[in-house]
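Keep in mind that the numbers below use all heavy atoms, side chains included, and drop hydrogens, waters and symmetry copies. Lettering of chains follows the sequences in order, A, B, ..., and the numbering in each one begins at 1.
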Amino acid sequence: MAFDKALDDKFETSTASPVILNHRYLDDEQLSKDEQLQALKEIFEQNIRQKEIDALVAYLRPTLRGQHPPHISLLGKAGVGKTATALLILSHLQQVAQRKGVELRYEHLDLTTPRPCFRAMNDLACLLDASKRYTKGISIDEMAGRIEDKLSGYKGYLVLFVDEIDHVNTDMDNTFLKFLVRRLPQAIPAKLILIFASNRLGWRQNIDSRVKSFLKVNDIIFDPYNAVDLQKILRVRVTKALNAGMVDAGVVEKIAGLASREHGDARKAVELLSNAALIAERQGTRVRLETVDAAYEALETNSYLEFVKCGPPHLQAVLYAAILCLEDSEKHAVTEDIYNFYSKVCDEAGLSQLSERRVYDLLLELELYGYIRSRKVSLGRHGRRKEMKLLIPPTVISQLKSRIQEHLKG
DNA sequence: TGTCCACAGGAAATACGGGGGT
DNA sequence: ACCCCCGTATTTCCTGTGGACA
C-alpha cells in the first residue's frame, strides 16, 4: 500500500512540471527533413549567418539567368552551420528555379566519417540511384561509368553538395576529386555545380596540381558562432523543445558562453542543453545553472569513455599501458617505458604485440585526442627523446581503466 | 664551435582481408 | 574455386636534427 502511494507520488511529481515537452527537437536526427528546414529558417531569420547567406546566394544567382556559376567551397570548423546554410539556400534555390522554369536539382553527399575514395564514389552512386551498395570488388571506373550513364539524360543544372570533402582519404592522385572536377563535367550533359564543405581551411593544399588547375573555386568562410548567435540558436530550441518556464534565467547565456569560449560549435551547444534538460527531468528539478555544470562534466567524462568503446583494441591497450605507466607518478615517461607496459598488457589480454614504431604512432593518436601530452627533449649528444604525461582528469581514470579491462577481455 | 648521439618521424614495402567477377 | 581489385594496418628501413659536451 505504502509502496503504491510512493510510486504514485513519483509519477505525480515527475509529470507535474515536465522540463522536456518535445523530445525530438533536441536531436536533429529525429526530425524530418521539412522540420529541420523549418527550424533552420527560424534560426536564420534572426540575422545569423547573413553575410555567408548573401555570398552564397550571389554565387548561385547566375543559374537563374542560364549562366554557369563557379564551384564553391564552404570553409569553417565543425558545427558552424555550413551544412545548414547550404541546405537551406539550395532548397530555396530549387523552389525559385522551379517558379522560373529553370531545370535544377541538388544532391547532398554527406561524408560524415572518413572513407576511402572507393566508398565515396559508391556513396555518390547510391545517392544518385545509379548503383547498389558495394563494399569492394567492383572497379572505380565501373562505378564512374554507372554514374555517368545514370545522368546521361539530365540536361539541367545539377548542384552537388559534397559535405566534409576532406574525409575522402587522399590517394596519390585524388581519384575522387579528379572524377568530380575533370571527368564528370565532360561526360554528362548537365551543368554541374560543385559545392564543397570542409573543416580544414587548407584542404585544397595537398591535391594534385593538375586537378587544382581545373578547380576554380570561390571560398566562403564561416567563423565560429559567437555567444550572441549561440544564444539565439539555443532559444529557438528552448521554445521548441522545452518548457520555458522550467529553465532558469541565465542558463541559455551560460551554455552559449561555455560553447563559444571552447569551440563555437552549435551542435555541441545544443547537445549540452539537451543533456542539462535530461538531467533536470530525471531529478525532477528546474534547469538550473548548476545543472549545466553537471551536464558539462557528464559530457566530458562520456566523451573519454565513448572513445574507448569504438577504438581498436591495440589503441585501447596502449592507452591502458599509458595510464598504468603514468597515473601515479608526477614524472614523465618516454616511449620505451610505455612500450614495456604495453607488452605486459598484450600478454595478459592475449594480443599479439605490435612493433614499437606502430605503438609510437598510436601514442600520437592518443595525443591528438587529448589523452596525453608529449614534449620533445634534447639531451645533447645523448640523443633526443619524447616525454609524455597524462591529461585525463583523475576522476575519469578509474572508470576508464575498468572499461578498458572489460573490453580487452571480451 | 663543431661533433655526434639516439631517437623522432617520414617513406616505402609488405602483409592482410574481404568481396565481386568469371 | 580462383583471381583480381582496392583499402588498411603494420613493418621495415632510413634520414634528419637539437643541443650538451668536448
Donor-acceptor contact below 3.5 Å, side chain A:His71 vs main chain A:Leu194 |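 Yes, the answer is positive, given that a donor and an acceptor are paired below the 3.5 Å cut-off.
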Within 45° cone of A:Phe44 ring axis and under 6.0 Å: A:Lys41 NZ or CZ =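 No, A:Lys41 and A:Phe44 do not form such a contact.
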Cation-aromatic face contact A:Arg49/A:Phe222, 6.0 Å, 45 degrees =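 The answer is no, since A:Arg49 fails at least one limit relative to A:Phe222.
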Between C:dT10, C:dG16, C:dC13, which one does the side chain of A:Arg384 approach most closely?
->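 Among C:dT10, C:dG16, C:dC13, the one nearest the side chain of A:Arg384 is C:dG16.
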Salt-bridge criterion met for A:Glu35 and A:Arg24 (N-O under 4.0 Å) =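 Between A:Arg24 and A:Glu35 there is a salt bridge, with a charged N closer than 4.0 Å to a carboxylate O.
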Check whether any side-chain N or O of A:Lys376 sits under 4.0 Å from OP1 or OP2 of B:dG9, and answer yes or no.
->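 Answer is yes, contact under 4.0 Å.
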OP1, OP2 of B:dC7 versus side-chain N and O of A:Thr335: anything below 4.0 Å?
->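 No, A:Thr335 has no side-chain N/O under 4.0 Å of OP1/OP2 on B:dC7.
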Find the distance [X]:[atom1] to [N]:[atom2] and express it as a whole number of Å.
X: A:Asp361; N: C:dT11; atom1: CG; atom2: C1'; value: 11 Å
X: A:Glu356; N: B:dG9; atom1: CD; atom2: C1'; value: 13 Å
X: A:Leu362; N: C:dA9; atom1: CG; atom2: C1'; value: 10 Å
X: A:Leu351; N: C:dT10; atom1: CG; atom2: C1'; value: 15 Å

Measure all distances between protein nitrogen or oxygen atoms and nitrogen or oxygen atoms of nucleotides 20-22 of chain C, and list the pairs falling under 3.5 Å.
none

Candidate list A:Lys232, A:Lys240, A:Arg237, test salt bridge (charged side-chain N to carboxylate O under 4.0 Å, His left out), partner A:Glu42, passing option =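 The salt bridge (charged side-chain N to carboxylate O under 4.0 Å, His left out) with A:Glu42 is passed solely by A:Lys240 among A:Lys232, A:Lys240, A:Arg237.
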